[in-house]
Student: 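Below is a structure I'd like to ask you about.
Just follow the structure's listing: the first ligand is 1, and inside any ligand the first atom is 1. Just the heavy atoms: all of them, side chains too, but no hydrogens, waters or symmetry mates, feed the values below.
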Amino acid sequence: MNASSIYSGPVFEMARQQFEAVADHLDIPTHERARIVIPKRALAVSCPIHRDDGSVAVFQGYRVQHHLTLGPTKGGTRFAPNVDVGEVAALAVWMSWKCALAGLPYGGAKGGIAVDPRSLSRRELEALSRRYMQEMIPFVGPHTDVMAPDMGTNEQVMAWFMDTYSMYQGQTVSEVVTGKPVESGGTIGRREATGRGVAYLVGRAADTINLQLNGSTAIIQGFGNVGSVAATTLQAAGVNIIGVSDHSAAYFDRRGLDVAALAEHVRKTGALAGYSREALFDASDLLLQECTILIPAAVERVVTEKNASLLKCRILAEGANGPTTPQADAILRDRPDVFVIPDVLCNAGGVIVSYFEWVQGLQQLFWNETEVNDRLNRTLERSFQAVCKRATQQRLSTRDAALSLGVEVVLKAKRMRGLFP
Ligand code: GLU
C-alpha cells in the first residue's frame with residue numbers, strides 16, 4: 001500500500017502500521033487493504049475571523065471521513081496547535097475501529113483546527129467555531145457525519161456548531177452534533193461518559209487479573225474531561241490517585257491527591273498550574289512511577305520504545321487516542337505483567353453515549369441517567385468480553401484483539417456492499 005499521501009506523517013503511520021499487523025493476522029489480501037484503511041474523503045478549509053483587536057486571523061481546519069460503509073461517520077473535533085490532516089486522518093481511522101468494536105452503526109471521522117483555543121477570547125472562539133461549522137455544512141449532517149467534542153472543544157463549542165448548522169437549515173437540527181449541553185438537546189451522562197467508561201473497564205481489568213481496586217493506586221496524565229472524571233470515579237471506588245498532570249503542571253504524592261480540590265482548581269483557573277507547590281513533579285517522570293493503574297488521557301505517542309519497558313503499572317488504561325506507539329506495543333506484548341486496555345476499547349464510552357444522544361435526538365425521546373449508564377456499561381461489557389475472548393483464543397495482545405474485531409466488522413460490510421462506500 002502506498003503510504004505517501006496527504007496523510008503521511010508519524011500519527012497516520014502509526015494507524016497504518018497497527019492496521020497492517022491486524023490485516024496480516026486476518027489474512028486480508030493486499031489488494032483489499034488500501035480500500036479499508038485509506039480515508040474515503042477529507043476536507044481542508046481556511047477559517048478567517050476578526051480578532052478582538054480588529055485584525056483578521058486565518059486558521060486552518062480539517063475534517064476526515066474514513067468510511068461510509070456502516071452509516072454516517074462519527075467523531076470529535078479537536079482544537080489544538082499542532083493539528084494536521086495526517087493526525088486527523090489517523091484519529092478518524094481509530095474512530096472506525098472503535099465504533100465497529102462497540103457495535104455502533106458508524107464509520108469513523110475526525111476534525112480539527114490548528115489553534116490553541118486558550119489564546120482566543122470567548123468571542124473569538126465562538127467566531128472560529130461558527131466559521132468552521134459553516135465551512136463544513138455541505139460535508140456533514142445527521143445522516144452524513146456527526147461531530148462531537150475532542151481535545152480543546154467542549155459542550156459550548158458543540159452548541160455553537162449545532163446552532164450554526166441549524167440556522168442554515170432554517171430549523172433546529174440537534175442530531176448533527178453530539179456532546180451538546182443537556183439544555184440544548186444533549187443527553188444526560190455524555191460529559192462524564194468517557195471517564196466513567198475508563199473507570200468501568202479498569203474495574204473489569206482488575207477483576208480479570210485478580211486485583212483489588214480498593215486500596216490500589218493510579219496515575220493519570222491529562223486532567224481534562226476524560227482524566228478528571230476517571231480520577232473522580234476511581235477515587236470513589238477506593239483507588240488512591242497519587243499522580244496527575246496536564247499541559248501546565250504535574251503533581252505526585254504517594255499519600256494521595258485530593259481529586260475534588262484539583263478539579264475545583266481546574267474549573268476556576270482552567271489548568272492544574274498553581275494548585276500546589278509541595279506536590280509539583282517532573283511531568284516526563286510521572287509515567288514511570290510505580291502505581292497499579294496508569295492512565296494516559298491526553299495526547300498521542302507518550303508510551304514509546306524509550307519508556308515502555310520502564311512502566312511500573314499493572315493496568316495501562318488508554319484514555320487518550322493513540323498514546324502507545326507500535327514500537328512500544330512490541331515491548332508491551334512481552335510484558336504479561338501489564339494488562340493493556342487499548343484505546344479503541346478504553347475510551348469508547350464517549351462515542352457510545354454520543355450514539356445514545358444521537359438516537360435520543362432522532363426520536364425526541366429522552367432517557368434518564370440510570371438508563372444511559374446501564375446501557376453504557378452493558379455495551380462496554382460486551383466489547384470487553386469479546387476482546388478478552390479473542391485475545392485468549394487467538395493468542396493476541398488485547399490491542400490486536402480489539403483492532404481485529406473492529407477491522408473485521410468493516411471488512412465484512414465492505415465485502416457485502418461493494419466498492420461504493
Ligand atoms: N472525541 C471522542 C473520541 O475520540 C468522542 C467522539 C464522539 O463522541 O463522537 O472518541
Side-chain angles (χ1 to χ4, degrees), residues 11 15 62-67 70-80 83 87-113 117 136 140-155 157-158 161-162 174-181 185-198 201 222 224-227 229-230 296-300 317-323 341-361 372 375-376 379-380 383 402 406:
V11 191
Y62 309 95
R63 184 86 185 158
V64 176
Q65 299 170 352
H66 177 222
H67 75 84
L70 293 167
T73 48
K74 184 84 195 77
T77 305
R78 172 172 291 201
F79 288 0
V83 161
E87 180 191 30
V88 171
L91 291 159
V93 170
W94 289 326
M95 281 308 299
S96 286
W97 314 145
K98 193 188 305 189
C99 292
L101 174 63
L104 310 181
Y106 297 133
K110 201 71 151 208
I113 303 181
M136 291 289 146
V140 300
H143 296 284
T144 316
D145 183 10
V146 182
M147 290 189 188
D150 196 80
M151 196 186 297
T153 58
N154 56 21
E155 291 179 2
V157 173
M158 297 308 113
F161 281 171
M162 185 273 273
S174 61
E175 323 83 74
V176 70
V177 166
T178 61
K180 301 177 296 293
T187 182
I188 294 174
R190 173 62 185 88
R191 189 189 309 155
E192 300 83 3
T194 316
R196 275 185 188 152
V198 170
L201 292 164
N225 190 37
V226 182
V229 175
V299 291
E300 298 102 54
E318 298 184 341
N321 291 309
I341 314 175
D343 52 1
V344 292
L345 170 65
C346 192
N347 66 41
V351 72
I352 291 168
V353 177
S354 274
Y355 166 64
F356 298 160
E357 180 175 335
W358 181 70
V359 167
Q360 292 171 74
V372 170
R375 282 179 189 262
L376 168 62
T379 311
L380 289 173
S383 305

Student: Check for a donor-acceptor pair, side chain of Arg190 on one end and backbone N or O of Gly350 on the other, with a separation under 3.5 Å.
Tutor: yes

Student: How long is the straight-line distance from CD of Glu175 back to CE of Met162, given to the nearest 0.5 Å?
Tutor: 9.0 Å

Student: Counting non-hydrogen protein atoms only, what is the nearest one to atom 10 (O) of ligand 1? Give residue, atom name and distance.
Tutor: Lys98 NZ, 2.6 Å

Student: Determine whether any heavy atom of Met151 lies closer than 4.0 Å to an atom of ligand 1.
Tutor: no

Student: Return the closest protein heavy atom for atom 4 (O) of ligand 1 as residue, atom name and distance.
Tutor: Lys110 NZ, 2.8 Å

Student: With a heavy-atom distance limit of 4.0 Å, tell me whether Pro149 approaches ligand 1 through its side chain, its backbone, both, or neither.
Tutor: backbone

Student: Can you tell which part of Asn321 has a heavy atom less than 4.0 Å from ligand 1: side chain, backbone, both or neither?
Tutor: side chain

Student: Show the atoms of ligand 1 that are less than 4.0 angstrom away from any heavy atom in Asp150.
Tutor: 1 (N), 2 (C), 4 (O)

Student: Considering only heavy atoms of Gly76, which atoms of ligand 1 have at least one such atom less than 4.0 Å away?
Tutor: 1 (N), 6 (C)

Student: So Val157 and Pro149, do their side chains get closer than 4.5 Å, heavy atoms only?
Tutor: no

Student: Which heavy atom of the protein is the closest neighbour of atom 8 (O) of ligand 1, given with residue, atom name and distance?
Tutor: Ser354 OG, 2.5 Å

Student: Could you list the atoms of ligand 1 found under 4.0 angstrom from a heavy atom of Met95?
Tutor: 3 (C), 4 (O), 6 (C), 10 (O)

Student: Specify the closest pair of heavy atoms between Arg63 and Lys74, including all atoms of both residues, with the distance to one decimal.
Tutor: NH2-C, 4.3 Å

Student: Nearest 0.5 Å, what's the CE-CG distance between Met95 and Leu104?
Tutor: 8.0 Å

Student: Check each atom of ligand 1 against the heavy atoms of Gly350 and keep those under 4.0 Å away; list them by number with element.
Tutor: 8 (O)

Student: When rounded to the nearest 0.5 angstrom, what distance separates OG in Ser383 from CD1 in Ile352?
Tutor: 5.5 Å

Student: Should Asn347 be counted as touching ligand 1, given the test is an N or O pair under 3.5 Å?
Tutor: no

Student: Does ligand 1 have an atom that lies less than 4.0 angstrom from a heavy atom of Arg78?
Tutor: no

Student: Would you check whether Met147 reaches within less than 4.0 Å of ligand 1, judged by its heavy atoms?
Tutor: no

Student: How far is atom 9 (O) of ligand 1 from its nearest protein heavy atom, and which residue and atom is that?
Tutor: Lys74 NZ, 2.8 Å

Student: Among protein heavy atoms, which sits nearest to atom 7 (C) of ligand 1, and what does the distance come to when rounded to 0.1 Å?
Tutor: Ala148 CB, 3.3 Å

Student: Any side-chain heavy atom of Trp94 sitting closer than 4.5 Å to one from Val11?
Tutor: yes

Student: Test your reading of the structure: does Thr178 have an N or O sitting under 3.5 Å from an N or O of ligand 1?
Tutor: no

Student: Tell me if a side-chain donor or acceptor on Thr153 pairs with a main-chain N or O of Thr77 at a distance below 3.5 Å.
Tutor: yes

Student: Please classify the Arg190 to ligand 1 contact at 4.0 Å (heavy-atom distances, strictly less than): side chain, backbone, both or neither.
Tutor: side chain

Student: Counting only N and O atoms by type, is there a donor-acceptor contact under 3.5 Å from the side chain of Asp145 to the main-chain atoms of Val140?
Tutor: no

Student: Checking salt bridge (charged side-chain N to carboxylate O under 4.0 Å, His left out) against Glu357, which of Arg375, Arg191, Lys180 comes through?
Tutor: Lys180

Student: Within less than 4.0 angstrom of ligand 1, does Gly75 place any heavy atom?
Tutor: yes

Student: So which of Lys98, Glu300, Glu87 actually passes side chain to side chain donor-acceptor pair (under 3.5 Å) with Asn321?
Tutor: Lys98

